[in-house]
Amino acid sequence: MRFIVCENYDEMSARAADILASQLILKPDSILGLATGTTPIGTYDKLVEMNKAGKIDFSAVKTFNLDEYYPIKADNDQSYRYFMNKYLFDRVNIDKANTHVPNGEAADPDVEGKAYDKMLAEAGGVDVQILGIGRNGHIAFNEPDSYLIAGTHKTALTEDTIEANSRLFNDISEVPHYALTMGMASIMSAKMIVLLANGKGKHDAIAKLLDEKITPDCPASFLKLHPNVVIICDKEAYEG
Ligand code: PGA
């Protein structure tokens with residue numbers, strides 16, 4: 001696990017975008033694992049700039065997102081499909097048919113989870129996975145628990161996550177209580193993982209990546225078992 005500690009959010013976003021850009025230059029038909037949340041927005045902005053400047057090309061890229069609220073309609077402006085279209089897919093030359101987000105309208109979440117993992121495996125697996133981290137140490141919506149789940153599945157959001165995400169809704173009562181999320185095995189099967197974190201609120205979670213313990217109380221701690229993880233964070237997240 002390597003750490004790149006940046007001065008601020010802008011530098012963190014630039015470093016992450018540079019890594020993704022190198023990946024696309026080396027392998028134009030890369031499979032990218034993408035994340036929502038406020039953390040990766042700056043990275044997506046920089047990728048859009050590079051795409052507009054002709055430095056990177058998304059025409060052969062496939063993407064798989066980590067998670068989606070459940071149930072939710074794709075055109076709901078709180079859905080992660082809506083977020084991805086707004087911040088990235090509508091702004092670059094990607095074929096939308098090559099972009100995948102778990103289906104928040106699926107009738108049966110178990111069937112959807114299995115189908116999503118199958119589609120990802122058949123595509124060849126994720127080359128580079130972008131991850132955020134919850135202040136409680138969650139990755140995607142794999143929340144702290146006494147055990148973790150391997151594949152894509154439906155999960156209940158913790159009170160802490162509902163509270164953290166409520167800043168993006170008119171009222172906390174509007175925050176969905178469930179989500180579809182890639183599981184730990186789906187995430188850990190990526191060839192490379194780039195985890196982003198900024199701000200003091202993420203310090204406790206980042207501190208748990210710096211110690212030796214691996215525990216389902218902090219799902220992100222399992223990343224210590226992965227051979228190719230880069231944590232890009234700002235000073236506030238690193239130092240507290
Ligand atoms: P954030 O969310 O980027 O909005 O902080 C990260 C996460 O909860 O994984």
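Remember, it's 1-based here, ligands and their atoms both numbered in the order they're listed. Not measured: the values here are computed from a predicted model.
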Using the ring of each side chain (for Trp, its six-membered ring), is Tyr44 parallel, tilted or perpendicular to Phe83, with breaks at 30° and 60°? perpendicular
Subset of ligand 1 atoms that lie under 4.0 Å from at least one heavy atom of Gly132: 9 (O)
With a cut-off of 4.0 Å, which atoms of ligand 1 are near a heavy atom of Lys202? 1 (P), 5 (O), 6 (C)
Assess, by modelled atom type and distance only, whether the side chains of Asp57 and Ser59 contain a donor and an acceptor separated by less than 3.5 Å. yes
Test your reading of the structure: does Arg167 have an N or O sitting under 3.5 Å from an N or O of ligand 1? yes
For Thr39, the ligand 1 atoms whose distance to one of its heavy atoms is below 4.0 Å: 1 (P), 3 (O), 5 (O)
Can you tell me the protein heavy atom closest to atom 9 (O) of ligand 1 and the distance? His138 NE2, 3.3 Å
Within 45° cone and under 6.0 Å: Lys154 NZ/CZ vs Tyr178 ring: yes
For ligand 1, which atoms, with element, lie under 4.0 Å from some heavy atom of Gly37? 3 (O), 4 (O)
What's the shortest distance from atom 6 (C) of ligand 1 to any protein heavy atom, and which residue and atom give it? Ile133 O, 3.6 Å
Carboxylate-amine/guanidinium contact Lys96 Asp90, below 4.0 Å: yes
Say whether Thr161 and Arg135, considering side chains only, have a donor N or O and an acceptor N or O under 3.5 Å apart. no
Report yes or no: does Arg135 have a heavy atom closer than 4.0 Å to ligand 1? no
Of Asn136, Thr181, Thr155, the one forming a side chain to side chain donor-acceptor pair (under 3.5 Å) with Glu143 is Asn136
